[in-house]
Amino acid sequence: MPEPKSAPLTAELYTYVLAHNPPLDPVQEALVDSTRALFPAEAIKQVAREQAPLLAFLVRLTGARTVVEVGTFTGLSALSMAQALPDGGRLITLDISEEWTAHARQAWAKAGVADRIDLRIAPALDSLRALPAEPHIDLAFIDANKDGYVDYWEEIVPRLRPGGLIVVDNVLFMGQVVDPSVTSGSGADVRAFNEHVAADRRMESIMLAVADGLTLARRAG
C-alpha cells in the first residue's frame, strides 16, 4: 500500500493553512456564523472555510463566465464564486429548499452580487435538463444529495465546454468510500460515483484530499 506523504491535519496545522489562505470577507464570515446558529444540525452541509477561496480561485483561473452549481444550501459557495465572476458573468444555482436559500439571498444582496446569481428552486435534474443542450458551461460545482451525483454529472458533462471544469465535493465522504462494511447510503453512492468518474474517458479528473475530498475534472478536447 502506498505511503501517504501528506502531514496529518491537526487543529494547529489546519489553523495554519487557513491563516495562509485568503481570509473570508465580513459577509462570508457572517454567513458562516449565522448558518451555524440558525441551522446547527445541517451546518455541515456548508463548504469548508478553505473551499470558499478555492472556488473563487478556480473561477478566476478558468476565466469562467457561466457557472452552474448543484446544491446551494445557505449560499457560501455561490457567494464565493459569484464574487469572482467577471463583468457579465452568471451563476445558476440549484436547490429545493426555500428556507435555506432565503438565507443565501440575504447574504448575496449584502455582498452586492445578487444580480449575478440565478437561483432555481426545483429538483436539480429538472433544472439541469432545462438548460441549453449545447456545450456552454465553463465551470460546475456539485455538492448536493449523493445519490444524485452520477445523474448530475451526466447532465453537466455534455453541456460543459471543451476545457471546462467540474468540481465535486465530498468524494471521500468521511472515509466511508474505503469502508467495505458501507454497502448502502451516501458513502456507497459516492464510491459508485467515483468509479463512474474514473471510467469516463470524456473527462480528465484528479481527486484531492481537500476537506472531505474534492474531485476536479476537465472536459477533454
- Query: If we ignore angles and hydrogens, is there a donor and acceptor under 3.5 Å between the side chains of Q28 and S80?
  - Reply: yes
- Query: For Y149 and N194, does a side-chain donor sit closer than 3.5 Å to a side-chain acceptor?
  - Reply: no
- Item | Electrostatic pair R120-D118, nearest N-O below 4.0 angstrom | yes
- Judged by modelled atom types alone, do S205 and T215 share a side-chain donor-acceptor pair under 3.5 Å? no
- Task: Please check if any side-chain donor atom of D179 sits under 3.5 Å from a side-chain acceptor atom of S181, or the reverse.
- Result: yes
- side chain to side chain donor-acceptor pair (under 3.5 Å) test vs D138 passes for just one of R161, R90, R65, namely R161
- Item | Criterion side-chain contact (heavy atoms from CB on, under 4.5 Å) against L216, the qualifying member of I166, L58, L54, V168 | L58
- Message: Take a 6.0 Å sphere around CD of E98 and say whether it holds more than 12 heavy atoms from other residues, nucleotides or ligands.
- Response: no
- Message: Is it the case that the side chains of S77 and E69 hold a donor-acceptor pair, with the cut-off being a distance below 3.5 Å and no angle test?
- Response: yes
- Message: I'd like to know if R159 pairs up with E155 as an ion pair, taking the criterion as any Lys NZ or Arg NE/NH1/NH2 lying under 4.0 Å from an Asp or Glu carboxylate oxygen.
- Response: yes
- Hey, which of V59, V68, L79, L85 is the one that makes side-chain contact (heavy atoms from CB on, under 4.5 Å) with L91? L85
- Message: Is it the case that atom CD in E154 sees more than 12 heavy atoms from other parts of the structure closer than 6.0 Å?
- Response: yes
- More than 12 heavy atoms of other groups within 6.0 Å of Y14 OH: yes
- Are there more than 12 heavy atoms of other residues, nucleotides or ligands under 6.0 Å from atom CG of L61? yes
- Nearest heavy atoms of L172 and V177, plus distance in Å: O-CG2, 3.4 Å
